[in-house]
Asker: 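Before anything else, here's the structure in question.
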Amino acid sequence: MSLVVQKYGGTSLADSERIERVAHRVARTKRSGNDVVVVVSAMGRQTDDLIALARQVSARPPAREMDMLLTAGERISMALLAMALHDKDIPALSLTGAQAGILTDSEHGEAKITAIRGNRVGDGLAAGQVVIVAGFQGVNPDSREVTTLGRGGSDATAVALASAHSAAVCEIYTDVDGVYTADPRVVPDARKLAEVSFDEMLELAAGGAGVLMARSVEVGRKFKIPIHVRSSFVQDEGTWVKENVMEEAIISGIAHDTSEAKVTLWGVPDRPGVAAAIFEKLASARVNVDMIVQNVGADGCTDLSFTVPEAHIEIARQATAELVVELEATGSSVDANVGKVSLVGAGMRSTHGVAARVFRALGDADINIEMISTSPIRISCVVNRDSVEDAVRALHAEFDPPVITAEVGADA
Ligand code: ADP
Ligand code: ASP
Ligand code: MG
């Protein structure tokens with residue numbers, strides 16, 4: 001008997017009718033002889049609604065109380081799904097993240113899973129139950145406080161449970177039927193990928209393709225758990241995210257992200273140790289820095305820009321204001337009106353001219369590039385936020401259909 005982990009996103013659980021439909025699919029998987037662990041998200045947009053509610057009662061809600069509030073969303077779905085399964089004569093047990101033994105660090109709002117302990121999930125499965133686990137949450141073993149894993153965190157719960165319980169596959173059921181060459185809401189003629197490698201999916205997810213949380217892909221890659229992204233509304237195969245893919249395209253997809261801001265320190269004296277001082281300060285303020293660009297001018301000063309998540313803007317603003325004084329720089333600025341577009345493809349490694357085509361396509365679309373960063377399989381550009389969707393469409397038109405260059409590896 002093999003174990004299947006199924007994760008259902010908010011849209012798939014948005015109302016009682018959809019919960020009923022999910023129960024039906026889970027029941028069918030169970031009756032066909034599998035052990036089933038189900039990970040649920042909060043219903044519909046409930047997490048957003050709870051965040052909005054918190055803001056109505058407090059300008060600065062404490063992170064601990066925020067986690068107490070948000071974890072309630074997933075508890076509602078898990079209990080309702082368990083009830084719907086009982087009605088179908090399928091024994092089901094719902095568990096919070098803490099009850100399922102999901103241990104995390106202490107970072108409220110963006111905790112990382114550090115271990116999965118205890119065996120309530122295993123005991124439930126052994127007793128013939130479908131075990132339903134609340135996604136997106138865990139507990140810190142030292143403080144015993146409840147934590148949340150960051151937006152989209154139920155994906156991470158699902159893949160981590162799949163690896164801890166040696167599941168054959170982790171199925172992510174969502175409102176699209178797979179991973180597309182770009183967000184189908186922005187590029188209506190984007191194509192569904194049959195498969196994509198962990199490395200490429202990680203770059204896409206880190207670049208803003210919200211269909212999978214980046215950390216879930218990291219866990220899948222580390223423990224070699226194939227992830228099947230598919231729709232809860234149809235039966236069709238979705239996209240397999242796995243180690244080796246049959247065909248390596250130059251370009252697999254284009255991701256975009258409008259949740260970062262650009263911070264610039266102007267006129268920083270150009271001497272050894274300055275960059276270290278800047279990023280040590282940001283690190284101690286727990287600011288996550290993404291892209292970094294430095295321009296040294298003829299006057300012996302440098303302008304240094306970097307991007308940070310919008311949630312970190314205020315801390316970054318304060319830290320850079322202090323740095324201006326400490327380093328005797330000219331000034332600092334924050335521009336939240338930016339976005340990032342990323343082109344991802346493993347075949348880029350062995351193909352010349354991809355960067356030139358990216359810059360030409362953006363130039364022809366009259367889009368100015370403010371920052372550039374690359375990895376061996378990714379090119380990212382920061383552009384004005386109003387131009388982000390046009391940039392995605394321009395790059396998709398330039399690189400679609402992708403050229404197949406080689407057959408690599410074997411089926412995972
Ligand atoms: P869930 O609530 O099921 O976790 P999400 O909203 O987190 O669903 O993720 C699904 C959404 O991800 C889709 O509706 C789609 O708009 C968006 N998305 C962004 N990039 C992509 C992509 N490359 N392929 C598919 N969907 C994408
Ligand atoms: N409910 C949480 C969110 O909206 C977690 C998740 O859905 O994965 O981000
Ligand atoms: Mg999601």
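Just so you know, ligand 1 is whichever comes first in the structure, and atom 1 is the first atom listed for that ligand. Values below: all heavy atoms of this structure, side chains included; hydrogens, waters and symmetry mates excluded. For this chain, numbers begin at 1 and follow the sequence in order.
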Asker: Starting from atom 14 (O) of ligand 1, find the nearest protein heavy-atom neighbour and note its residue, name and distance.
Answerer: Arg185 NH2, 2.5 Å
Asker: Check whether any heavy atom of Ser41 sits under 4.0 Å from an atom of ligand 1.
Answerer: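 Contact absent.
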Asker: Verify the contact flag for atom 8 (O) of ligand 1, where contact means a protein heavy atom under 4.0 Å away.
Answerer: yes
Asker: Enumerate the atoms of ligand 2 whose separation from the nearest heavy atom of Arg151 is less than 4.0 angstrom.
Answerer: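 Close to Arg151: 3 (C), 4 (O), 9 (O).
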Asker: For Tyr180 and ligand 1, does the shortest N/O to N/O distance drop below 3.5 Å?
Answerer: yes
Asker: For Gly153 and ligand 2, answer yes if some heavy atom of the residue is under 4.0 Å from a ligand atom, otherwise no.
Answerer: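 Yes, Gly153 has a heavy atom closer than 4.0 Å to ligand 2.
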Asker: Strictly by salt bridge (charged side-chain N to carboxylate O under 4.0 Å, His left out), give each pair with a member in residues 5-14 just once, sequence neighbours left out.
Answerer: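 Counting only pairs at least two positions apart or across chains, the salt bridge (charged side-chain N to carboxylate O under 4.0 Å, His left out) contacts touching residues 5-14 are Lys7-Asp155.
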Asker: For the pair Tyr173 and Tyr8, name the ring-plane relationship: parallel under 30°, tilted 30 to 60°, perpendicular over 60°.
Answerer: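 Parallel, since the angle between the ring planes stays under 30°.
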Asker: Does Lys7 approach ligand 1 within less than 4.0 angstrom via side chain, backbone, both or neither, non-hydrogen atoms only?
Answerer: side chain
Asker: Is there at least one pair of N or O atoms, one from Asp183 and one from ligand 1, spaced under 3.5 Å apart?
Answerer: yes
Asker: Salt bridge check: are Arg120 and Asp123 linked by an N-O gap of less than 4.0 Å?
Answerer: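 Salt bridge: no.
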Asker: Given that the side chain starts at C-beta and the backbone is N, CA, C, O, which of these parts of Glu74 lies under 4.0 Å from ligand 2, counting heavy atoms, or is it both or neither?
Answerer: side chain
